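Right, one structure below, let's go through it.
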Amino acid sequence: QEYREYFTLMQQIANQYANSTEQIHKDKLQDMFLLMYDHAQDQGVAYGSNMGNFSHYGYSFRGFFTSYFLMKDVLKKNRNIDETAKSLQWYAQTNETFIRPLMNGIDMDSFNTLSMGRICSILIMDNSPEQVQYIRAFSRWIDTGCKPAQGLNGAFKTDGGAFHHRNNYPAYAVGGLDGATNMLYILSRTSFAVSELGHQTVKNVLLTMQFYCNMTYFPLSMSGSHPDGKGELIPIHFARMAMSGTPNGENEIDTEMAASYLRLTSAGKEKDVPEYMPKSNKEEHLRMINLFRKNNISAEEDPIGNKVL
């Protein structure tokens, strides 16, 4: 919990630095960030350290990866950027992506807690053939993870299931889909983009989730260890998929996903959101809504009648 609070503060400082227009404010934020950076390194958040016996830190270290990446230029100017990249790659276990996968699918938690850290650890590197090597390995890892997994393995299935703990488990899937949809969007329109099969599989999972949630809340029978009636799908995932284009790459906006997103956002949002639910912000939603409407995309109609499975 202490690590989470610490790195969340670093993330907030990095966000403010990126959005500040006053140099006096940027200088103060830079000094604050570098002090926290140095203290984190002094306490063992550095390449080669496991701080004794350290595991299951993915949730606590989210802000570590993203804040360091946002402050890349500051760290490059004031600290050793190569050491910083090695630290991020160490805690994101980025070198695992060089191991050729033997089968499709990955654990849902890998999408949730490792994917953003790994891409940050790669993009913080200087442009070089080595960085391209890392991106290619990462792209293969993400693509393989998005493709349909066999049996009860994680994460995504041909029938739209999203498996974790050997079960179709939407409460864990929303975190995994947060990582998967982010990576699909980041890699889209590049030579590192996810394959059509991987892209289509994630799309099917979201559309299936939309069907059994209708509109947003998970059925209690599918809530597993989270039977609180508060778990729900995340509409912004549909928007990110829409902005990633169609699976075959022929259209820059997937209008089916955009129409689903516009319908789901009309459902509103409860204020009491469980901790395990990914967060999105109002500004991001407004940008997406305005963009889709500008492209003459309207919300899909509500389903009518019964559907037999």
Side-chain angles (χ1 to χ4, degrees), residues 108 111-112 115-116 142 145-148 155-163 168-189 193-194 196-219 222 230-270 273-274 276-303 307:
M108 192 71 78
F111 277 122
N112 188 3
S115 59
M116 184 59 75
I142 285 291
C146 288
K147 290 176 179 176
F156 306 129
K157 306 296 181 181
T158 54
D159 64 359
F163 271 54
N168 189 20
Y169 210 149
Y172 277 97
V174 289
L177 285 165
D178 202 53
T181 56
N182 270 322
M183 296 310 110
L184 277 161
Y185 173 67
I186 290 172
L187 297 173
S188 65
R189 303 176 183 83
V194 168
E196 182 174 353
L197 176 59
H199 192 138
Q200 185 67 55
T201 302
V202 177
K203 177 178 177 177
N204 289 344
V205 168
L206 284 168
L207 293 176
T208 302
M209 185 177 286
Q210 176 186 224
F211 167 71
Y212 61 69
C213 289
N214 194 33
M215 289 178 61
T216 61
Y217 287 95
F218 312 146
M222 299 179 68
K230 298 177 181 178
E232 56 183 321
L233 58 74
I234 309 298
I236 201 65
H237 294 166
F238 290 75
R240 290 175 188 152
M241 288 297 289
M243 293 303 299
S244 301
T246 52
N248 60 14
E250 292 181 0
N251 299 293
E252 291 197 358
I253 297 179
D254 188 328
T255 55
E256 182 180 15
M257 298 303 286
S260 293
Y261 167 73
L262 291 173
R263 172 176 173 264
L264 294 170
T265 53
S266 67
K269 189 78 172 178
E270 294 289 337
V273 178
Y276 62 85
M277 298 287 292
K279 307 299 187 291
S280 57
N281 60 71
K282 183 178 179 180
E283 289 74 17
E284 185 177 13
H285 280 293
L286 289 175
R287 286 198 304 271
M288 293 296 185
I289 291 171
N290 291 334
L291 176 63
F292 295 150
R293 288 177 175 169
K294 183 179 179 181
N295 283 272
N296 298 316
I297 303 171
S298 57
E300 66 179 5
E301 296 182 359
D302 292 332
K307 183 174 182 178

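Hydrogens, waters and symmetry mates are skipped; everything else that's a heavy atom, side chains included, is used. Computed from a predicted structure; not experimentally measured.
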Please name the pair of heavy atoms, one in T208 and one in G160, separated by the smallest distance, quoted to 0.1 Å. OG1-CA, 3.4 Å
Between P170 and M222 the two heavy atoms that sit nearest each other are CD-O, 3.3 Å
In this structure, CG of D254 is separated from CG of N248 (nearest 0.5 Å) by 9.0 Å
Does any part of the side chain of V194, heavy atoms only, come nearer than 4.5 Å to the side chain of V202, both counted from C-beta? no
Heavy atoms from other residues, nucleotides or ligands near CZ of R293 exceed 12 (cutoff 6.0 Å): no
What distance do M241 atom CE and L184 atom CG have between them, rounded to the nearest 0.5 Å? 5.0 Å
Which residues pass the side chain to side chain donor-acceptor pair (under 3.5 Å) test with H237, sequence neighbours left out? D178
Distance (rounded to the nearest 0.5 Å) between M209 CE and E232 CD: 11.5 Å
Would you give the length of the straight line joining atom NZ of K203 to atom OG of S260, rounded to the nearest 0.5 angstrom? 8.5 Å
Which residues share a side chain to side chain donor-acceptor pair (under 3.5 Å) with K157, sequence neighbours left out: none
For A299 versus R263, what's the shortest heavy-atom pair and its separation? CB-N, 3.6 Å
Restricting to ring-ring contact (aromatic ring centres under 6.0 Å, His included), what partner residues turn up for Y261, sequence neighbours left out? H285, F292
Can you tell me if Y212 has over 12 outside heavy atoms packed within less than 6.0 Å of its OH? yes
CD/E284: more than 12 non-hydrogen atoms of other groups inside 6.0 Å: yes
Please identify each residue that fulfils ring-ring contact (aromatic ring centres under 6.0 Å, His included) with F163, with sequence neighbours left out. none
Smallest heavy-atom separation, P278 atom then V174 atom, equals CG-O, 3.4 Å
With N296 via side chain to side chain donor-acceptor pair (under 3.5 Å) - residues at least two apart: none
Side chain to side chain donor-acceptor pair (under 3.5 Å) partners for S188, two or more places apart: none
